[in-house]
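In what follows, a single structure is set out as structure tokens and then discussed.
Numbers restart at 1 for each chain; the letters A, B, ... are given by sequence-line order, proteins then strands. Quantities reported herein were computed from a predicted structural model and do not represent experimental measurements.
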Amino acid sequence: MKMSHLFGQTLREAPADTEFVSHQLLVRAGYVRQLGAGIFSALPLARRMLTRLENIMREEINAIGGQEMTMPVVHPADIWKETGRWYEIGSEMGRFKDANGRDMVLAMTHEEVVTDLVRNVIHSYRQLPALVYHIQTKWRDEVRSRGGLIRVREFTMKDSYSLDSDWEGLDQQYRAHYQAYFNIFHRCGLDVIAVESDVGMMGGKKAHEFMYLAPIGEDTLVLCDACGYTANRQVATFQKPTSPAEETLPLEKVATPGTKTIADLAAFLGIPESKTAKAVFLVATVSEDQADVEKFVFAVVRGDMDMNETKLTNAVKAKALRPAHEEEIRAIGASPGYGSPVGIKEDVLIVIDDLVAQSPNLVAGANEDGYHYLNVNYGRDFTAGIVTDIVAVEEGHACPECGATLRTSRGVEVGNIFKLGTRYSAAMGATFLDKNGKAQPVIMGSYGIGSGRLLACIAEKYNDNYGLCWPITVAPFQVHLVALRGGFEVAEQLYSDLQAAGIEVLYDNRNESPGVKFNDADLIGVPIRLTVGGRSLKKGGVEIKARTAKDLTLVPLAEVVARVQNEIATQEATIMAKVTPTPYPG
RNA sequence: CGGGGCGUAGCGCAGCUCGGUAGCGCGCUUGAAUGGGGUUCAAGAGGUCGGGCGUUCGAAUCGCCCCGCCCCGACCA
């Protein structure tokens, strides 16, 4: 590619509304342009990279038996109504009516479509297992897109769907993806960790997220350095402290004026926060018979811990959760700041953390302004509809596996794998006949990687003060050939020689000053730079420089192609050395 | 959806308080010089001042409404 014809322009200054380095550099270097909030065009430089990323995905998914296909971006709403997600998912689903007034959906993901295909195509256990995938555009109308290319509304994803006749088969395909995903990210030069995650709107049984650890990440991860336990904070668990054995003491009501927070209360009574119970009032939206119903939820955790919304949402099978208004709290007989499950109306759904159930003699509100109860005990003084883990893990808690101290870190989710099970096949009647001639729902898995987000993460990792520094395996070109005065004729020849040798070359043939060319080359970030000019020729050849290297090396003209091939091989080998088997946890 | 900020040429910005018919730097075009890290000089092209309504003799500037974009929060695979 000659730079004089490259569609795109480098900018000296980044647009004012860009925040992250990856976003700034990708715009400045001419890779992407923004059309609207969370909507981007990929210019030729970015398109070349996306193609390379997607080809890496193709190779790895093909290697575990995947067959590429393409499923549509626009779906009739009927299939989404069949699985219920038409009703469960809120405003992030793109909906419109076609010319005949039929409800239509913009693809957020493709479980419904693939399941529809499965019920039409798969009839026998003999056709299983199978693995299909596609690379397709999705639309998720995030209420708030942010972070440049990290969190967008329109994006392209590689998603694969595994189909099995038994659970062992699903487990096998799941593990195969687990390794394939590490291979993909490592081949892109990105270090990731796999963490246990919430299944969210996908439903299903088990899920891992692949996380690129970076401060710009929007997810908080819980990590154990001792045993390797990793989980998204949304689902992370920990070893709860054991409560001291105590005689249960009689319930006692005490005046505690002006102690609306746990900290105030503990200070007022001179007790640790761990001896208190914290009440949180929420209203859950629950789907009942395709209609949304609001249910009051009264959650209780120990005073020294925080509630985890995801865990609570899952515990009550809610579609959404919001804090309750004061009137709603009073309506159930509780008092904000002095709430407790003791003496609450019976039809209220009380969810308590399992640690609260085991902790004797806690201090809890008296549901009366300015009063608390001492020595509240589960079972004697109150009961709960649900007793389960609803506490958020904090830095310093004990690892659920080995007991060592946990730490937290931020991460960007670049991929995920889900064991869907029969969630979709059962709902849509995608069954096969087993050996006994009995109809069984197909057992499914779903596995996604967002290519644009992957590109942004690589940009976020590989840059310096001058611009981008792509890994050779994903770079838009392998060589950036800079022609300076007195070197244009040689450069032209070199350009065709390199291309003839199968090397991807970006050739800066523009009549620009050297400084402009070098700065653009650094900004664009092609891994190997060749410079030909009167000066280099006088010295006997062409200068070669790796983007990340400090020094130039002079190479005789006749050896340039071989030398470049050698450099490419070396850089590729460095990255491929990281592609190794990763043990599957558990 | 709540809070904050912004919208003037491709990009970065000034002008707005105090209304008088739009400017700077970069980029772009042409010419000349320069020629190894955003070089220099000269001459140019390019703007419905986000949109609508209103006030006014006159609106980028004042008022009202709307739209868009960014950040924080809520939310989210």
Please identify each residue that fulfils ring pair (Phe, Tyr, Trp, His ring centres under 6.0 Å) with A:Tyr462, with sequence neighbours left out. none

Which is true for A:Ala207 with a 4.0 Å heavy-atom rule: it touches a base, it touches only sugar-phosphate, or it touches nothing? nothing

P atom, B:rG23 versus B:rA45: distance in rounded Å? 12 Å

Applying a 4.0 Å non-hydrogen cut-off, can you work out what A:Glu309 is touching in the nucleic acid: base, sugar-phosphate, or nothing? sugar-phosphate

Taking protein heavy atoms under 4.0 Å as touching, what does nucleotides 23-43 of chain B look like 5' to 3' if B marks base contact, S marks sugar-phosphate-only contact and - marks none? --BSS-------BBBBB----

Is it possible for you to check whether A:Arg48 lies under 6.0 Å from the centre of the six-membered ring of A:Phe477, through NZ or CZ, and within 45° of that ring's axis? yes

For B:rC69 versus B:rG25, give the span between their P atoms, rounded off to a whole number of Å. 32 Å

Distance between the C1' atoms of B:rU8 and B:rC49, in whole angstroms? 4 Å

Please report the distance separating the C1' of B:rC6 from the corresponding atom of B:rC16, rounded so that it comes out in whole Å. 15 Å

Can you check the distance between B:rA59 and B:rA14, where both ends of the measurement are the P atom (answer in whole Å)? 25 Å

From CZ of A:Arg140 over to C1' of B:rC75, roughly how many Å is that when rounded to an integer? 14 Å

So, does A:Glu209 use its side chain to make a donor-acceptor pair with the main chain of A:Asn416 at under 3.5 Å? no

Do any pairs count as a side-chain hydrogen bond (donor to acceptor under 3.5 Å, both in side chains) and have a residue in residues 548-559 of chain A, sequence neighbours left out, and if so which ones? none

What is the distance, rounded to the nearest whole Å, between atom CG of A:Leu312 and atom C1' of B:rA74? 16 Å

Would you measure the distance from the P atom in B:rG50 across to the matching atom in B:rG35 and give it in whole Å? 45 Å

With rounding to whole Å, what would you report as the distance between B:rG52 and B:rU61 at their P atoms? 12 Å

I'd like the C1' distance from B:rG12 over to B:rG47, given in whole Å. 16 Å

The Watson-Crick or G-U wobble partner of B:rC24, with both key distances under 3.5 Å, is B:rG12

Mate of B:rG46 across any strand shown (Watson-Crick or G-U wobble, both atom pairs under 3.5 Å) is none

Watson-Crick or G-U wobble partner of B:rG7, both distances under 3.5 Å: B:rC67

So does A:Tyr133 get a backbone contact from the side chain of A:Ser160, meaning a donor-acceptor N/O pair under 3.5 Å? no

Is the charged tip of A:Lys138 near the ring of A:Phe155: under 6.0 Å from the six-membered ring centre and within 45° of its axis? no

I need the CG-C1' distance between A:Asn308 and B:rC75, as an integer number of Å. 15 Å

Identify the nucleotide, in any strand shown, that forms a Watson-Crick or G-U wobble pair with B:rC18, with both distances under 3.5 Å; if there is none, say none. none

Tell me whether the guanidinium CZ or amine NZ of A:Arg95 lies under 6.0 angstrom from the six-membered ring centre of A:Trp80 and within 45° of its axis. no

Applying the 3.5 Å cut-off to both distances, the Watson-Crick or G-U partner of B:rG38 turns out to be none

Please table the atom pairs, donor to acceptor, closer than 3.5 Å between any side-chain atom in residues 478-486 of chain A and protein atoms at least two apart or in another chain.
unit_1: A:Gln478; atom_1: OE1; unit_2: A:Glu504; atom_2: N; d: 2.9

Could you list the residues that satisfy ring pair (Phe, Tyr, Trp, His ring centres under 6.0 Å) with A:Phe518, not counting sequence neighbours? none

Can you give me the N/O atom pairs linking the protein to nucleotides 67-69 of chain B at distances under 3.5 Å, or say none if there are none?
unit_1: B:rC69; atom_1: OP1; unit_2: A:Ala37; atom_2: N; d: 2.8
unit_1: B:rC69; atom_1: O3'; unit_2: A:Gln34; atom_2: NE2; d: 3.4
unit_1: B:rC69; atom_1: O2'; unit_2: A:Asp17; atom_2: OD2; d: 3.1

What about A:Tyr174 and A:His208, are their ring centers closer than 6.0 Å? yes

